**Q** 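Take this structure first; my questions come after.
From a predicted model like this one, the values you see are computed outputs, not experimental measurements. Hydrogens, waters and symmetry mates play no part in the numbers below; they use all other heavy atoms, side chains included.
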There are 2 protein chains.
Amino acid sequence: MSEISRTAAVSEVGEHVLIGELQRRIGEAPGVIVGIGDDAAVVGLSEPTVAVSTDVLVQDRHFRLNWSSANDIGHRVAGANLADIAAMGAMPTSLVVGLVLPPTTQVGWVLDFLDGLAQECESIGAAVVGGDLAAGDTIMISATALGDLQGREPVRRNGAQPADVVAIAGRLGWAGAGLSLLSRGFTSPRVLVEAHRVPKPPYLAGIHAASAGAHAMLDVSDGLLTDLGHIAAASGVSIDIEAAAVPIDDPVRDAASAFNADALAWVLAGGDDHAIAATFAPDTQLPPGFTVIGRVHEPDGDGPTVTVDSVARPDLRGFDHFR
Amino acid sequence: MSEISRTAAVSEVGEHVLIGELQRRIGEAPGVIVGIGDDAAVVGLSEPTVAVSTDVLVQDRHFRLNWSSANDIGHRVAGANLADIAAMGAMPTSLVVGLVLPPTTQVGWVLDFLDGLAQECESIGAAVVGGDLAAGDTIMISATALGDLQGREPVRRNGAQPADVVAIAGRLGWAGAGLSLLSRGFTSPRVLVEAHRVPKPPYLAGIHAASAGAHAMLDVSDGLLTDLGHIAAASGVSIDIEAAAVPIDDPVRDAASAFNADALAWVLAGGDDHAIAATFAPDTQLPPGFTVIGRVHEPDGDGPTVTVDSVARPDLRGFDHFR
């Protein structure tokens, strides 16, 4: 088979050739019984249950082609999806992708995107096992990840109990700071911009938290306070965060200082780092990487709330895609 | 919880309210361990393997809002995906949906779409278990279906053997004729237009064919000759179709006659009915609903081909989304 041109438009090479390239580049992986190229893929699990999560990302809303490379976007799409699986306590095993592309999209962009997608999957032992392509006016990407609970109970949002500690693992505020800097026309500090382009979800923290008996868990994608609000509402509890306990990492603190921004706002309201937030019984030995940042308590008369040092912070609500 | 207005725009009600409505409308189903509203859904299977397939559909390319109702589109998106699962020999169990919507989309459209999606899933005992929403300029829908092989081997495209019979189950040419009529400005015969709007894939035929030992199988979505070409290429065989054996159903024949069209072209090149095509050893007792239309033979010097009465028909190739 001859190499296809990276600078050709996808309309020049056609759908089936492109699917063949995907198949050739991504290949097979352990646990994959049937891979790309059939009506459906077939994936092996260690037990007869499967975790499944889907995400859609839209050009100029979730990513910009001048801010992120195709490889970055591939990492980011996979990361967002795999983090959802890990946040249930499941090990990510596989991912399928739906890709809507303008017919003028260069083949090289698509191949780089798929490389990023596959690399992010491989980083946690998962594989891209299928996909679909269609033409459209802008790039839209859907990804669906599958996970293997390996005998663990799924950790839901609705299990938080009064007296639980609230703990987080992974970065907070890095991607939000990076996006904020890009929006103002800066491309440094590089470590923050890279955190927006390619988040580093702490996948194994989710699995370790499930093994440690976490009561409730989710991945932080809309902003810490907003996402803790989902746990509070689903569990019928209130959560209070101790501001002084929330880790503000040096790059976030330094950038806030340099750019006259509020580091705590980036940390409490910024999304897309895909940190893991969980609640545990107070006597639990927390897995490595988790930091206690607050506590669960009975809701007062106003119902479930999330407060910071006992104060509501509606100014730090997260992002709603339709508003 | 108060009813939300069907005529409100999705931007007025917001993402989380809409996800709550999905959750409330679709509910739980047997086999669903965790449904909509968590980071991931968790689905039970009868054995530790899962079949997974994904499709993306784009407004004005795969469907038109003035040709199909939201409910129709929901049925069609689910049907396309569930048929892929059945064509592997797996029983569809669940489906997740990614929905990109212009912020001005009416809430009623979304609810009707989800009703259609859920109804199609229920028709084969599956359930909608998760989803994601995002804003975009046009409607884009991705769906990923999961299936349970229930101990059967997956039936792939690459297992056809010389001397196999080629058989089909389900409708051929109905949806293609319906689309052709809609394109010319007609809305009747209603049965053909409806076949385009809401295909009726023969899901159980796929499962019965797998149980009967089908060697190769797929669902016909790009056109019969094109899709049989995928079996031929993957299996390294050639296929000859006997034109006189291909069923041309009365509505297709009558419409072709009335509109001066070629009924056989609709049947051999039209897609989107999601018929099941399979090859079986010649002594196999075919499952109910299957009709033999041709035979597999060794490829000649030109490699794998698909012919009709021994003649190549490049004029009846199917659709490529990028060309």
Side-chain angles (χ1 to χ4, degrees), chain A residues 10-11 14-16 18 33-34 37-58 61-62 84-85 87-88 90 94 96-100 103 129-138 140 142 144 146-147 149 154 156-157 218-219 234 320-323, chain B residues 10-11 14-16 18 33-34 37-58 61-62 84-85 87-88 90 94 96-100 103 129-138 140 142 144 146-147 149 154 156-157 218-219 234 320-323:
Chain A
V10 295
S11 59
E15 186 182 4
H16 291 298
L18 213 48
I33 298 165
V34 177
D38 235 296
D39 289 293
V42 180
V43 179
L45 301 156
S46 67
E47 54 161 16
T49 57
V50 62
V52 54
S53 178
T54 198
D55 271 315
V56 286
L57 286 89
V58 180
R61 302 206 183 228
H62 298 88
D84 279 329
I85 294 296
M88 291 301 280
S94 48
V96 294
V97 62
L99 199 48
V100 175
V129 297
D132 190 29
L133 294 169
D137 294 333
T138 55
M140 288 181 278
S142 74
T144 303
L146 304 186
L149 282 155
R156 305 187 56 174
R157 299 174 173 200
L218 45 59
D219 91 301
D320 185 314
H321 291 296
F322 288 116
R323 287 190 192 270
Chain B
V10 295
S11 59
E15 184 182 4
H16 291 296
L18 212 49
I33 298 165
V34 176
D38 236 296
D39 289 292
V42 179
V43 179
L45 301 155
S46 67
E47 55 162 14
T49 58
V50 62
V52 55
S53 178
T54 198
D55 272 315
V56 286
L57 285 89
V58 179
R61 305 214 180 221
H62 299 89
D84 279 329
I85 295 294
M88 291 301 281
S94 47
V96 294
V97 62
L99 200 47
V100 175
V129 298
D132 189 30
L133 294 169
D137 293 334
T138 56
M140 191 220 54
S142 74
T144 303
L146 303 186
L149 282 155
R156 305 187 56 174
R157 300 173 173 199
L218 45 60
D219 93 301
D320 185 313
H321 292 294
F322 287 115
R323 285 187 192 275

**Q** Taking the side chain as every heavy atom from C-beta outward, state whether V56(A) and M140(B) have any atom pair closer than 4.5 Å.
**A** yes
**Q** Any side-chain heavy atom of V52(A) sitting closer than 4.5 Å to one from T144(B)?
**A** no
**Q** Report which part of S46(A) has an atom under 4.5 Å of a heavy atom belonging to chain B: side chain, backbone, both, or neither.
**A** backbone
**Q** Looking at every heavy atom in both D84(A) and A40(B), which two are closest together, and how far apart are they?
**A**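 Nearest pair, atom of D84(A) first, then A40(B): O-CB, 4.1 Å.
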**Q** Mind checking whether R61(A) and D137(B) have side chains closer than 4.5 Å, heavy atoms only?
**A**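 Yes, at least one pair of side-chain atoms sits under 4.5 Å.
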**Q** Checking the side chain of S53(B) only, and the main-chain atoms of D39(A) only, is there a donor and an acceptor separated by less than 3.5 Å?
**A** yes
**Q** Which atom pair, heavy atoms only, marks the closest approach of I33(A) to R156(B)?
**A**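 Closest pair (atom of I33(A), atom of R156(B), distance): O-NH1, 4.1 Å.
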**Q** Which heavy atom in T54(B) sits nearest to a heavy atom in D132(A), and how many Å separate them?
**A**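 Shortest heavy-atom separation between T54(B) and D132(A) comes out as O-CB, 3.5 Å.
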**Q** Which residue out of T138(B), L57(B), V58(B) racks up the most heavy-atom pairs below 4.5 Å with chain A?
**A** V58(B)
**Q** Would you mind checking which part of L146(B) comes under 4.5 Å of any heavy atom in chain A, side chain (CB onward), backbone (N, CA, C, O), both or neither?
**A** side chain
